[in-house]
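To keep things clear, I will list the structure first and then write my remarks on it.
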Amino acid sequence: MEVIYKNRTKRDHTVLDALGGVVIFFALVAIAPGALVTFAVEHLFGLRLEIGQRWTFAVASSVLIACVFCLRSRSGWGGAYVYMLLSTALAGTLLVCHFGFHAEWAAALFATYLR
């Protein structure tokens, strides 16, 4: 195992970094509703959360939102489908607001989760 680790090239690290970035991006898409709720609560009540707390509350609130959608739908899969549509649409909207309109709140949201 040590020999394999020592023989890694700079290219291997670049690929691993890119893969990690993709995983974080898909995680942000999946928890976009919870991340937005956590961000809003943090700023409305003037809370100062650490990055681990932000991710934990974002995941917990996303799971809660997904459960509500699943319980309210006729089938659990329908609720999961609606939740993923919501997550994708919300993440897309956040990306457009951040990169397209240069909205400060969207930049602050991304900055709080990607430090």
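The residues of the chain are indexed from 1 along the displayed sequence. Values in this document were obtained by computation on a predicted structure and should not be read as measured data.
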- Message: I want to check something: taking the side chain as every heavy atom from C-beta on, are P33 and S61 in contact at a cut-off of under 4.5 Å?
- Response: no
- Task: Using the rule that two of Ile, Leu, Val, Met, Phe, Trp, Tyr join whenever any of their side-chain heavy atoms come within less than 4.5 Å, decide whether L86 and L94 are in one cluster.
- Result: no
- Message: Pair T112, I51 - check side-chain contact (heavy atoms from CB on, under 4.5 Å), show working.
- Response: CA-CA 7 Å; T112 58; I51 193 162; over 6 Å; no
- Quick note, salt bridge (Lys or Arg N to Asp or Glu O under 4.0 Å) partners involving residues 20-44, not counting sequence neighbours, are E42-R54
Per-pair distances, 0.1 Å, donor-acceptor, side chain in residues 62-69, under 3.5 Å, sequence neighbours excluded:
unit_1	atom_1	unit_2	atom_2	d
S62	OG	I31	O	3.3
S62	OG	G34	N	3.1
S62	OG	A58	O	2.8
S62	OG	Y83	OH	3.4

- Query: How does the hydrophobic cluster around Y81 look, that is, which other residues are in it when side-chain heavy atoms under 4.5 Å mark a link?
  - Reply: L85
- Message: Nearest 0.5 angstrom please: F110 CZ to L95 CG, how far?
- Response: 4.5 Å
- Query: Hey, any chance L49 and V41 share a hydrophobic cluster, counting ILVMFWY side chains that come within less than 4.5 Å of each other, even indirectly?
  - Reply: no
- Query: Where is the tightest heavy-atom contact between C70 and A80, given as atom of each residue plus distance?
  - Reply: SG-N, 3.6 Å
- Task: For A103, enumerate each residue passing the side chain to side chain contact (heavy atoms under 4.5 Å, CB included) test, keeping only those at least two apart in sequence or located in another chain.
- Result: C97, W105, A106
- Message: Show me the pairs that pass side chain to side chain donor-acceptor pair (under 3.5 Å) and involve residues 23-39, at least two apart or across chains.
- Response: none
- Co-members of V96 in a cluster of I, L, V, M, F, W and Y side chains, linked at under 4.5 Å: F101
- Provide the full list of salt bridge (Lys or Arg N to Asp or Glu O under 4.0 Å) pairs with a residue in residues 74-98, sequence neighbours left out, each pair given once. none
- Smallest separation among heavy atoms of A35 and L109, with atom names: O-CD1, 4.0 Å
- Which atom pair, heavy atoms only, marks the closest approach of A30 to S87? O-OG, 3.6 Å
- Pairs touching residues 30-65 that satisfy ring-ring contact (aromatic ring centres under 6.0 Å, His included), sequence neighbours left out: F39-H43, W55-Y113
- Residue pairs, two or more places apart or on separate chains, that pass salt bridge (Lys or Arg N to Asp or Glu O under 4.0 Å) and touch residues 77-89: none
- Message: Test of understanding: clusters of I, L, V, M, F, W, Y form through side-chain heavy atoms closer than 4.5 Å, transitively. Do M84 and F25 belong to the same one?
- Response: no
- Message: Going by side chain to side chain donor-acceptor pair (under 3.5 Å), name the pairs with one or both residues in residues 95-104, residues two or more places apart or in two chains.
- Response: none
